[in-house]
Amino acid sequence: MLTHNNTHGQPRASRRWLFLLAALLTLFSTSTFAVTGELDLTSSVAGFFAVAIFVLAYSLVMAEEKIHMRKSKPVLVAAGIIWGLIGWVYVQNGMSDASEYAFRMTLLEFTELMLFLLVAMTYINAMEERRVFDALRSWMLRKGFNYRTLFWLTGGLAFILSPIADNLTTALLMCAVITKVAEGDKRFINLACINIVVAANAGGAFSPFGDITTLMVWQAGIIQFQEFFTLFLPSLVNFLIPALVMSLFIKDQKPASVYEEVLLKRGARRIIGLFLLTILTAVICYTVLHLPPVLGMMTGLGYLQFFGFYLRKSLPRSLERKRERYSRCGDNKKLEQLGSVVPFDVFNRVARAEWDTLLFFYGVVMCVGGLGFMGYLGLMSEALYANWDATWANIVLGVVSAVVDNIPVMFAVLTMQPEMSHGHWLLITLTAGVGGSLLSIGSAAGVAVMGQARGSYTFMGHLRWTPVILLGYIASIAVHLWLNAESFTVY
(Lines give C-alpha, C1' and ligand atoms only; values in the text may rest on other atoms or scores of the structure.)
Protein backbone atom coordinates (compact mmCIF):
# COMPACT_ATOMS: atom_id res chain seq x y z
CA MET A 1 0.00 0.00 0.00
CA LEU A 2 1.59 3.26 -1.16
CA THR A 3 1.19 6.38 0.94
CA HIS A 4 2.16 10.01 0.48
CA ASN A 5 5.44 11.15 1.99
CA ASN A 6 5.09 10.86 5.76
CA THR A 7 7.53 8.97 7.89
CA HIS A 8 6.27 10.31 11.22
CA GLY A 9 3.63 7.66 11.58
CA GLN A 10 5.99 4.73 11.17
CA PRO A 11 6.95 2.57 14.13
CA ARG A 12 10.24 3.59 15.76
CA ALA A 13 11.96 0.31 14.86
CA SER A 14 10.96 0.71 11.23
CA ARG A 15 12.29 4.27 11.13
CA ARG A 16 15.56 3.17 12.74
CA TRP A 17 15.93 0.52 10.04
CA LEU A 18 15.26 3.09 7.34
CA PHE A 19 17.89 5.43 8.78
CA LEU A 20 20.37 2.53 8.77
CA LEU A 21 19.50 1.85 5.14
CA ALA A 22 19.97 5.53 4.31
CA ALA A 23 23.38 5.62 5.99
CA LEU A 24 24.36 2.46 4.12
CA LEU A 25 23.16 3.99 0.87
CA THR A 26 25.62 6.84 1.44
CA LEU A 27 28.38 4.38 0.62
CA PHE A 28 26.95 3.64 -2.78
CA SER A 29 24.76 6.50 -3.87
CA THR A 30 24.82 9.29 -6.40
CA SER A 31 22.23 11.39 -8.02
CA THR A 32 21.51 14.44 -10.01
CA PHE A 33 19.52 17.25 -8.61
CA ALA A 34 16.20 15.39 -8.93
CA VAL A 35 13.34 16.06 -6.55
CA THR A 36 11.62 13.57 -4.26
CA GLY A 37 8.48 12.09 -5.82
CA GLU A 38 4.94 12.39 -4.54
CA LEU A 39 4.90 8.74 -3.52
CA ASP A 40 7.10 7.45 -0.71
CA LEU A 41 8.60 4.21 -2.02
CA THR A 42 11.24 3.81 0.67
CA SER A 43 9.34 1.02 2.45
CA SER A 44 7.87 -0.60 -0.67
CA VAL A 45 8.94 -3.78 -2.46
CA ALA A 46 9.82 -1.70 -5.54
CA GLY A 47 12.04 0.55 -3.43
CA PHE A 48 13.90 -2.32 -1.76
CA PHE A 49 14.40 -4.03 -5.11
CA ALA A 50 15.75 -0.80 -6.65
CA VAL A 51 18.29 -0.38 -3.83
CA ALA A 52 19.36 -4.02 -4.17
CA ILE A 53 19.84 -3.60 -7.93
CA PHE A 54 21.95 -0.48 -7.45
CA VAL A 55 24.11 -2.03 -4.73
CA LEU A 56 24.69 -5.05 -6.98
CA ALA A 57 25.55 -2.84 -9.95
CA TYR A 58 27.98 -0.70 -7.96
CA SER A 59 29.60 -3.80 -6.50
CA LEU A 60 30.38 -4.87 -10.06
CA VAL A 61 31.78 -1.40 -10.76
CA MET A 62 34.12 -1.65 -7.76
CA ALA A 63 35.28 -5.07 -8.96
CA GLU A 64 36.15 -3.75 -12.43
CA GLU A 65 39.88 -4.44 -12.07
CA LYS A 66 39.27 -8.07 -11.09
CA ILE A 67 36.44 -9.07 -13.45
CA HIS A 68 37.64 -6.91 -16.40
CA MET A 69 34.17 -5.62 -17.22
CA ARG A 70 33.76 -1.97 -18.11
CA LYS A 71 32.11 -0.02 -15.30
CA SER A 72 29.42 1.50 -17.53
CA LYS A 73 27.67 -1.81 -18.25
CA PRO A 74 26.10 -2.62 -14.85
CA VAL A 75 24.98 0.94 -14.06
CA LEU A 76 23.35 1.38 -17.47
CA VAL A 77 21.22 -1.73 -16.88
CA ALA A 78 20.52 -0.73 -13.27
CA ALA A 79 19.34 2.73 -14.39
CA GLY A 80 16.88 1.14 -16.81
CA ILE A 81 15.51 -1.23 -14.16
CA ILE A 82 15.16 1.46 -11.46
CA TRP A 83 13.31 3.92 -13.68
CA GLY A 84 11.25 1.06 -15.09
CA LEU A 85 10.11 0.26 -11.53
CA ILE A 86 9.30 3.92 -10.90
CA GLY A 87 7.35 4.16 -14.15
CA TRP A 88 5.34 1.03 -13.38
CA VAL A 89 4.41 2.20 -9.85
CA TYR A 90 3.42 5.68 -11.01
CA VAL A 91 1.34 4.31 -13.90
CA GLN A 92 -0.49 2.08 -11.43
CA ASN A 93 -1.31 5.18 -9.37
CA GLY A 94 -2.34 7.30 -12.37
CA MET A 95 0.62 9.68 -11.95
CA SER A 96 2.74 8.90 -15.01
CA ASP A 97 3.26 12.61 -15.80
CA ALA A 98 5.17 13.07 -12.53
CA SER A 99 7.64 10.24 -13.21
CA GLU A 100 8.13 11.35 -16.82
CA TYR A 101 8.90 14.92 -15.72
CA ALA A 102 11.37 13.72 -13.07
CA PHE A 103 13.20 11.53 -15.59
CA ARG A 104 13.46 14.36 -18.11
CA MET A 105 14.80 16.78 -15.49
CA THR A 106 17.39 14.24 -14.31
CA LEU A 107 18.42 13.60 -17.91
CA LEU A 108 18.73 17.35 -18.57
CA GLU A 109 21.15 17.80 -15.66
CA PHE A 110 23.28 14.92 -16.94
CA THR A 111 23.25 16.24 -20.51
CA GLU A 112 24.66 19.62 -19.48
CA LEU A 113 27.51 18.00 -17.58
CA MET A 114 28.18 15.44 -20.31
CA LEU A 115 28.49 18.04 -23.07
CA PHE A 116 30.78 20.14 -20.85
CA LEU A 117 33.02 17.14 -20.20
CA LEU A 118 32.94 16.06 -23.84
CA VAL A 119 34.34 19.41 -25.01
CA ALA A 120 37.05 19.36 -22.32
CA MET A 121 38.01 15.79 -23.28
CA THR A 122 38.11 16.75 -26.98
CA TYR A 123 40.54 19.61 -26.32
CA ILE A 124 42.76 17.38 -24.16
CA ASN A 125 42.79 14.74 -26.91
CA ALA A 126 43.57 17.42 -29.51
CA MET A 127 46.54 18.64 -27.45
CA GLU A 128 47.70 15.06 -27.02
CA GLU A 129 47.48 14.47 -30.79
CA ARG A 130 49.50 17.66 -31.41
CA ARG A 131 52.12 16.16 -29.01
CA VAL A 132 51.87 18.87 -26.35
CA PHE A 133 52.14 16.40 -23.49
CA ASP A 134 54.86 14.38 -25.22
CA ALA A 135 56.94 17.54 -25.58
CA LEU A 136 56.54 18.34 -21.87
CA ARG A 137 57.60 14.81 -20.94
CA SER A 138 60.56 14.96 -23.32
CA TRP A 139 61.79 18.23 -21.76
CA MET A 140 61.78 16.68 -18.27
CA LEU A 141 63.61 13.57 -19.50
CA ARG A 142 66.36 15.56 -21.23
CA LYS A 143 67.13 17.64 -18.13
CA GLY A 144 68.56 14.63 -16.26
CA PHE A 145 67.10 15.50 -12.85
CA ASN A 146 67.94 13.35 -9.81
CA TYR A 147 65.22 11.32 -8.09
CA ARG A 148 64.40 13.90 -5.43
CA THR A 149 64.10 16.74 -7.95
CA LEU A 150 62.02 14.52 -10.23
CA PHE A 151 59.75 13.64 -7.29
CA TRP A 152 59.06 17.31 -6.53
CA LEU A 153 58.89 18.37 -10.17
CA THR A 154 56.30 15.77 -11.21
CA GLY A 155 54.26 16.33 -8.04
CA GLY A 156 54.40 20.11 -8.45
CA LEU A 157 53.43 19.97 -12.11
CA ALA A 158 50.58 17.58 -11.28
CA PHE A 159 49.29 20.12 -8.75
CA ILE A 160 49.64 23.03 -11.21
CA LEU A 161 48.29 21.32 -14.35
CA SER A 162 45.35 19.40 -12.87
CA PRO A 163 43.18 22.52 -12.33
CA ILE A 164 43.29 23.04 -16.12
CA ALA A 165 43.85 19.64 -17.72
CA ASP A 166 41.91 17.63 -15.04
CA ASN A 167 43.46 15.32 -12.45
CA LEU A 168 43.21 12.11 -14.49
CA THR A 169 45.03 13.38 -17.60
CA THR A 170 47.69 15.11 -15.49
CA ALA A 171 48.35 12.02 -13.35
CA LEU A 172 48.79 9.81 -16.42
CA LEU A 173 51.20 12.30 -18.02
CA MET A 174 53.41 12.57 -14.91
CA CYS A 175 53.28 8.81 -14.37
CA ALA A 176 54.57 8.28 -17.93
CA VAL A 177 57.62 10.41 -17.09
CA ILE A 178 58.33 8.55 -13.84
CA THR A 179 58.02 5.05 -15.31
CA LYS A 180 60.31 5.90 -18.21
CA VAL A 181 63.04 7.67 -16.21
CA ALA A 182 63.14 5.26 -13.27
CA GLU A 183 62.38 2.05 -15.12
CA GLY A 184 62.99 -0.94 -12.83
CA ASP A 185 63.18 1.06 -9.59
CA LYS A 186 59.83 -0.03 -8.16
CA ARG A 187 60.32 1.63 -4.79
CA PHE A 188 60.85 5.08 -6.26
CA ILE A 189 58.09 4.65 -8.85
CA ASN A 190 55.64 3.71 -6.09
CA LEU A 191 56.53 6.78 -3.98
CA ALA A 192 56.47 9.12 -6.97
CA CYS A 193 53.12 7.76 -8.19
CA ILE A 194 51.55 8.21 -4.75
CA ASN A 195 52.83 11.79 -4.76
CA ILE A 196 51.41 12.37 -8.26
CA VAL A 197 47.96 11.00 -7.35
CA VAL A 198 47.78 13.10 -4.17
CA ALA A 199 48.99 16.21 -6.01
CA ALA A 200 46.62 15.77 -8.96
CA ASN A 201 43.60 15.26 -6.70
CA ALA A 202 44.59 18.22 -4.51
CA GLY A 203 45.13 20.46 -7.53
CA GLY A 204 41.79 19.44 -9.00
CA ALA A 205 39.93 20.39 -5.80
CA PHE A 206 40.34 24.18 -6.17
CA SER A 207 39.22 24.51 -9.79
CA PRO A 208 35.87 23.87 -11.53
CA PHE A 209 37.82 22.15 -14.32
CA GLY A 210 40.02 19.99 -12.09
CA ASP A 211 37.53 17.25 -11.27
CA ILE A 212 34.00 16.18 -12.20
CA THR A 213 32.83 16.88 -8.63
CA THR A 214 34.02 20.51 -8.68
CA LEU A 215 32.38 20.94 -12.08
CA MET A 216 29.10 19.65 -10.66
CA VAL A 217 29.23 22.08 -7.74
CA TRP A 218 29.98 24.99 -10.07
CA GLN A 219 27.19 24.12 -12.52
CA ALA A 220 24.76 23.75 -9.62
CA GLY A 221 25.43 27.42 -8.81
CA ILE A 222 26.47 26.71 -5.21
CA ILE A 223 30.06 27.97 -5.49
CA GLN A 224 31.04 30.74 -7.91
CA PHE A 225 34.05 30.33 -10.20
CA GLN A 226 36.38 32.64 -8.26
CA GLU A 227 35.32 31.17 -4.89
CA PHE A 228 36.98 27.84 -5.68
CA PHE A 229 40.37 29.52 -5.29
CA THR A 230 39.74 29.99 -1.56
CA LEU A 231 40.52 26.25 -1.41
CA PHE A 232 44.00 26.78 -2.90
CA LEU A 233 45.91 26.87 0.41
CA PRO A 234 44.02 23.91 1.96
CA SER A 235 44.67 21.93 -1.23
CA LEU A 236 48.34 22.93 -1.23
CA VAL A 237 48.69 21.73 2.38
CA ASN A 238 47.00 18.46 1.42
CA PHE A 239 49.71 17.92 -1.21
CA LEU A 240 52.75 19.26 0.65
CA ILE A 241 52.52 17.39 3.97
CA PRO A 242 52.61 13.84 2.52
CA ALA A 243 55.15 14.97 -0.11
CA LEU A 244 57.54 16.36 2.52
CA VAL A 245 57.43 13.13 4.53
CA MET A 246 57.80 10.84 1.51
CA SER A 247 60.67 12.90 0.06
CA LEU A 248 62.75 12.03 3.14
CA PHE A 249 62.72 8.38 2.02
CA ILE A 250 64.01 9.01 -1.51
CA LYS A 251 67.61 8.16 -2.31
CA ASP A 252 69.75 11.03 -3.53
CA GLN A 253 70.76 9.40 -6.79
CA LYS A 254 70.48 10.16 -10.47
CA PRO A 255 68.78 7.91 -13.03
CA ALA A 256 70.36 7.18 -16.38
CA SER A 257 69.65 10.09 -18.72
CA VAL A 258 67.08 9.42 -21.43
CA TYR A 259 67.20 11.45 -24.65
CA GLU A 260 63.95 11.88 -26.51
CA GLU A 261 63.32 14.64 -29.04
CA VAL A 262 59.68 15.58 -29.61
CA LEU A 263 58.55 18.24 -32.06
CA LEU A 264 55.16 19.88 -31.60
CA LYS A 265 52.80 19.44 -34.50
CA ARG A 266 51.54 22.47 -36.36
CA GLY A 267 48.90 24.43 -34.42
CA ALA A 268 49.69 22.92 -31.02
CA ARG A 269 50.25 26.24 -29.25
CA ARG A 270 47.19 27.78 -30.89
CA ILE A 271 45.03 24.89 -29.67
CA ILE A 272 46.26 25.54 -26.12
CA GLY A 273 45.24 29.18 -26.60
CA LEU A 274 41.82 28.16 -27.92
CA PHE A 275 41.30 25.92 -24.89
CA LEU A 276 42.03 28.81 -22.55
CA LEU A 277 39.68 31.01 -24.62
CA THR A 278 37.00 28.31 -24.33
CA ILE A 279 37.34 28.26 -20.55
CA LEU A 280 37.09 32.06 -20.49
CA THR A 281 33.96 31.92 -22.68
CA ALA A 282 32.33 29.40 -20.31
CA VAL A 283 33.13 31.58 -17.29
CA ILE A 284 31.72 34.70 -18.99
CA CYS A 285 28.54 32.85 -20.00
CA TYR A 286 27.98 31.86 -16.38
CA THR A 287 29.13 34.91 -14.43
CA VAL A 288 28.13 37.74 -16.79
CA LEU A 289 25.26 36.37 -18.88
CA HIS A 290 23.90 33.99 -16.19
CA LEU A 291 23.62 31.22 -18.74
CA PRO A 292 24.81 27.61 -18.23
CA PRO A 293 28.60 27.32 -18.76
CA VAL A 294 28.01 24.46 -21.19
CA LEU A 295 27.02 27.16 -23.74
CA GLY A 296 30.55 28.59 -23.57
CA MET A 297 32.13 25.14 -23.83
CA MET A 298 30.09 24.18 -26.92
CA THR A 299 31.00 27.54 -28.48
CA GLY A 300 34.61 26.65 -27.74
CA LEU A 301 34.15 23.37 -29.61
CA GLY A 302 33.16 25.55 -32.57
CA TYR A 303 36.46 27.45 -32.19
CA LEU A 304 38.33 24.15 -32.46
CA GLN A 305 36.30 23.05 -35.49
CA PHE A 306 37.05 26.27 -37.35
CA PHE A 307 40.74 25.95 -36.52
CA GLY A 308 40.71 22.29 -37.60
CA PHE A 309 39.20 23.38 -40.93
CA TYR A 310 42.02 25.91 -41.34
CA LEU A 311 44.67 23.27 -40.52
CA ARG A 312 43.29 20.87 -43.14
CA LYS A 313 43.00 23.50 -45.85
CA SER A 314 46.46 24.94 -45.26
CA LEU A 315 48.20 21.55 -44.84
CA PRO A 316 49.40 21.08 -48.47
CA ARG A 317 50.97 24.56 -48.53
CA SER A 318 52.60 23.99 -45.13
CA LEU A 319 54.02 20.61 -46.21
CA GLU A 320 55.44 22.13 -49.38
CA ARG A 321 57.27 24.85 -47.47
CA LYS A 322 58.72 22.29 -45.05
CA ARG A 323 59.87 20.01 -47.90
CA GLU A 324 61.76 22.87 -49.48
CA ARG A 325 63.39 23.83 -46.18
CA TYR A 326 64.39 20.25 -45.24
CA SER A 327 65.69 19.58 -48.77
CA ARG A 328 67.98 22.58 -48.56
CA CYS A 329 69.23 21.38 -45.15
CA GLY A 330 69.57 17.77 -46.33
CA ASP A 331 67.48 16.52 -43.40
CA ASN A 332 66.24 13.23 -44.88
CA LYS A 333 64.79 11.98 -41.59
CA LYS A 334 62.36 14.90 -41.33
CA LEU A 335 61.54 14.59 -45.03
CA GLU A 336 60.46 10.99 -44.41
CA GLN A 337 58.32 12.07 -41.45
CA LEU A 338 56.40 14.51 -43.65
CA GLY A 339 55.10 11.58 -45.66
CA SER A 340 53.23 10.23 -42.62
CA VAL A 341 51.48 13.48 -41.67
CA VAL A 342 47.76 12.94 -41.09
CA PRO A 343 45.34 15.91 -41.42
CA PHE A 344 43.83 17.13 -38.15
CA ASP A 345 40.23 15.92 -37.66
CA VAL A 346 38.15 17.29 -34.78
CA PHE A 347 35.66 14.44 -34.92
CA ASN A 348 38.44 11.90 -34.44
CA ARG A 349 39.28 13.76 -31.22
CA VAL A 350 35.62 13.58 -30.14
CA ALA A 351 35.54 9.86 -30.88
CA ARG A 352 38.59 9.34 -28.63
CA ALA A 353 36.81 10.80 -25.60
CA GLU A 354 36.50 8.46 -22.62
CA TRP A 355 33.04 7.17 -23.51
CA ASP A 356 33.04 4.47 -20.86
CA THR A 357 33.43 7.19 -18.22
CA LEU A 358 30.66 9.31 -19.76
CA LEU A 359 28.28 6.33 -19.94
CA PHE A 360 29.16 5.35 -16.38
CA PHE A 361 28.41 8.92 -15.40
CA TYR A 362 24.98 8.66 -17.08
CA GLY A 363 24.19 5.35 -15.37
CA VAL A 364 25.17 6.59 -11.92
CA VAL A 365 23.29 9.88 -12.30
CA MET A 366 20.12 8.19 -13.51
CA CYS A 367 20.29 5.41 -10.90
CA VAL A 368 20.45 7.66 -7.93
CA GLY A 369 18.21 10.23 -9.56
CA GLY A 370 15.69 7.39 -9.39
CA LEU A 371 16.55 6.46 -5.82
CA GLY A 372 16.24 10.12 -4.84
CA PHE A 373 12.82 10.30 -6.52
CA MET A 374 11.78 7.26 -4.49
CA GLY A 375 12.66 9.15 -1.29
CA TYR A 376 15.88 7.53 -0.13
CA LEU A 377 18.04 10.63 -0.37
CA GLY A 378 15.58 12.52 1.83
CA LEU A 379 16.19 9.86 4.48
CA MET A 380 19.93 10.11 3.94
CA SER A 381 19.85 13.87 4.35
CA GLU A 382 18.03 13.52 7.65
CA ALA A 383 20.33 10.73 8.82
CA LEU A 384 23.51 12.68 8.03
CA TYR A 385 22.82 16.38 8.28
CA ALA A 386 19.95 16.49 10.79
CA ASN A 387 21.50 14.06 13.28
CA TRP A 388 25.16 15.03 12.72
CA ASP A 389 27.00 18.32 12.63
CA ALA A 390 27.54 19.32 8.96
CA THR A 391 31.30 19.62 9.49
CA TRP A 392 31.65 16.02 10.66
CA ALA A 393 29.22 14.75 8.02
CA ASN A 394 31.30 16.35 5.25
CA ILE A 395 34.58 15.05 6.71
CA VAL A 396 33.20 11.50 6.91
CA LEU A 397 31.84 11.70 3.36
CA GLY A 398 35.33 12.66 2.20
CA VAL A 399 36.72 9.49 3.77
CA VAL A 400 33.87 7.49 2.20
CA SER A 401 35.00 8.80 -1.21
CA ALA A 402 38.23 6.84 -0.75
CA VAL A 403 36.20 3.63 -0.93
CA VAL A 404 33.52 4.76 -3.35
CA ASP A 405 34.22 7.15 -6.21
CA ASN A 406 33.78 10.80 -5.25
CA ILE A 407 31.24 11.39 -8.05
CA PRO A 408 28.51 9.38 -6.26
CA VAL A 409 29.26 11.09 -2.95
CA MET A 410 29.05 14.60 -4.39
CA PHE A 411 25.92 13.86 -6.41
CA ALA A 412 24.21 12.58 -3.30
CA VAL A 413 25.01 15.76 -1.36
CA LEU A 414 23.92 18.00 -4.24
CA THR A 415 20.64 16.12 -4.53
CA MET A 416 19.95 16.25 -0.79
CA GLN A 417 20.68 20.01 -0.78
CA PRO A 418 21.15 20.10 3.02
CA GLU A 419 20.84 23.51 4.64
CA MET A 420 24.40 24.44 5.50
CA SER A 421 26.74 27.41 5.29
CA HIS A 422 28.88 28.38 2.31
CA GLY A 423 31.94 27.25 4.25
CA HIS A 424 30.44 23.77 4.59
CA TRP A 425 29.79 23.60 0.82
CA LEU A 426 33.42 24.51 0.27
CA LEU A 427 34.37 21.84 2.82
CA ILE A 428 32.50 19.02 1.06
CA THR A 429 34.04 20.18 -2.24
CA LEU A 430 37.49 19.90 -0.65
CA THR A 431 36.95 16.59 1.15
CA ALA A 432 35.28 14.88 -1.81
CA GLY A 433 38.13 16.05 -4.04
CA VAL A 434 41.09 15.02 -1.86
CA GLY A 435 39.54 12.18 0.17
CA GLY A 436 40.02 9.77 -2.72
CA SER A 437 43.79 10.05 -2.27
CA LEU A 438 43.63 7.96 0.92
CA LEU A 439 43.48 4.77 -1.17
CA SER A 440 44.78 4.00 -4.65
CA ILE A 441 41.26 2.95 -5.69
CA GLY A 442 39.67 6.10 -4.26
CA SER A 443 40.00 8.24 -7.38
CA ALA A 444 40.04 7.90 -11.14
CA ALA A 445 43.61 9.19 -11.13
CA GLY A 446 44.73 6.47 -8.71
CA VAL A 447 43.05 3.65 -10.63
CA ALA A 448 44.48 4.88 -13.95
CA VAL A 449 48.02 5.21 -12.59
CA MET A 450 47.81 1.71 -11.09
CA GLY A 451 47.09 0.45 -14.58
CA GLN A 452 49.92 2.45 -16.17
CA ALA A 453 52.55 1.59 -13.54
CA ARG A 454 51.32 -1.97 -13.05
CA GLY A 455 53.48 -3.94 -10.66
CA SER A 456 55.30 -0.87 -9.33
CA TYR A 457 52.43 1.26 -7.99
CA THR A 458 50.05 -1.05 -6.12
CA PHE A 459 47.15 -0.91 -3.69
CA MET A 460 49.30 -2.17 -0.79
CA GLY A 461 52.17 0.13 -1.74
CA HIS A 462 49.81 3.10 -1.47
CA LEU A 463 48.15 1.78 1.69
CA ARG A 464 51.46 1.86 3.60
CA TRP A 465 51.50 5.64 3.18
CA THR A 466 47.80 6.19 3.95
CA PRO A 467 48.52 7.46 7.52
CA VAL A 468 50.75 10.20 6.10
CA ILE A 469 48.14 11.08 3.45
CA LEU A 470 45.49 11.13 6.18
CA LEU A 471 47.64 13.63 8.08
CA GLY A 472 47.55 15.89 5.02
CA TYR A 473 43.77 15.37 4.73
CA ILE A 474 43.23 16.46 8.36
CA ALA A 475 45.62 19.40 8.00
CA SER A 476 43.88 20.67 4.85
CA ILE A 477 40.52 20.60 6.65
CA ALA A 478 42.00 22.45 9.63
CA VAL A 479 43.47 25.12 7.32
CA HIS A 480 40.09 25.58 5.61
CA LEU A 481 38.22 25.81 8.93
CA TRP A 482 40.72 28.44 10.13
CA LEU A 483 41.29 30.39 6.91
CA ASN A 484 37.65 30.59 5.81
CA ALA A 485 36.04 30.69 9.28
CA GLU A 486 33.77 33.63 8.40
CA SER A 487 32.10 31.62 5.60
CA PHE A 488 30.69 29.10 8.09
CA THR A 489 27.98 31.53 9.23
CA VAL A 490 24.46 30.73 8.02
CA TYR A 491 22.61 33.91 7.11
Side-chain angles (χ1 to χ4, degrees), residues 148 151-163 167 170-171 174 190-207 210-211 213-214 217 223 227-250 388-403 406 409-410 413 420-443 445-446 461-488:
R148 189 162 293 168
F151 175 87
W152 281 107
L153 183 63
T154 52
L157 284 173
F159 184 80
I160 293 168
L161 292 177
S162 58
N167 50 7
T170 303
M174 295 299 113
N190 183 68
L191 275 174
C193 285
I194 295 170
N195 187 45
I196 288 167
V197 170
V198 173
N201 288 337
F206 69 88
S207 164
D211 191 80
T213 56
T214 54
V217 175
I223 300 176
E227 292 174 332
F228 280 94
F229 298 106
T230 61
L231 295 175
F232 172 78
L233 283 179
S235 298
L236 183 62
V237 168
N238 181 270
F239 156 55
L240 286 179
I241 288 180
L244 283 168
V245 175
M246 288 188 290
S247 67
L248 300 176
F249 294 85
I250 295 174
W388 287 17
D389 177 76
T391 300
W392 286 108
N394 290 335
I395 292 172
V396 169
L397 286 175
V399 176
V400 167
S401 71
V403 181
N406 57 0
V409 173
M410 183 56 80
V413 176
M420 57 184 180
S421 68
H422 202 64
H424 284 112
W425 280 109
L426 286 167
L427 178 61
I428 186 61
T429 303
L430 174 68
T431 56
V434 303
S437 300
L438 293 169
L439 296 176
S440 62
I441 60 170
S443 65
H462 189 110
L463 187 64
R464 282 195 290 270
W465 294 95
T466 292
V468 176
I469 300 169
L470 180 61
L471 186 62
Y473 178 75
I474 295 169
S476 66
I477 293 169
V479 169
H480 171 59
L481 294 176
W482 168 68
L483 198 64
N484 304 311
E486 71 284 353
S487 65
F488 285 85

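Side chains included, hydrogens not; waters and symmetry mates left out as well; all remaining heavy atoms used.
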With a 3.5 Å cut-off and sequence neighbours excluded, list the donor-acceptor pairs that the side chains of residues 230-242 form with protein atoms.
residue	atom	partner	partner atom	Å
Thr230	OG1	Glu227	O	2.7
Ser235	OG	Ala202	O	3.3
Ser235	OG	Leu231	O	2.8

Within this structure, what is the CG-NE2 distance for the pair Leu426 and His480, rounded to the nearest 0.5 Å?
5.0 Å
Pairs meeting criterion side chain to side chain donor-acceptor pair (under 3.5 Å) with involvement of residues 467-477, two or more places apart
none
Taking side chain to side chain donor-acceptor pair (under 3.5 Å) as the test, write out the residues that go with Thr213, two or more places apart.
Asp211
Who are the side chain to side chain donor-acceptor pair (under 3.5 Å) partners of Asn195, not counting sequence neighbours?
none
With rounding to the nearest 0.5 angstrom, report the OG1 to CE distance, Thr214 to Met410.
8.0 Å
To check you understand the geometry: which heavy-atom pair defines the closest contact between Arg148 and Leu248, and what is its length?
NH2-O, 4.5 Å
Name all residues meeting the side chain to side chain donor-acceptor pair (under 3.5 Å) criterion together with Ser162; count only those two or more places apart in sequence or in a different chain, and write none if there are none.
none
Across all chains, not counting sequence neighbours, the side chain to side chain donor-acceptor pair (under 3.5 Å) partners of Thr391 are Asp389, His424
With sequence neighbours excluded, residues passing side-chain contact (heavy atoms from CB on, under 4.5 Å) with Ala171:
Ile196, Ala200, Ala445, Val449
If you measure from OG on Ser437 to NE2 on His462, what distance do you get to the nearest 0.5 Å?
6.5 Å
Sorted by chain and number, sequence neighbours left out, ring pair (Phe, Tyr, Trp, His ring centres under 6.0 Å) with Trp465 holds for Phe249
The test is side-chain contact (heavy atoms from CB on, under 4.5 Å); show your working for Met420 and Leu427 and say whether it passes.
CA-CA 11 Å; Met420 57 184 180; Leu427 178 61; over 6 Å; no
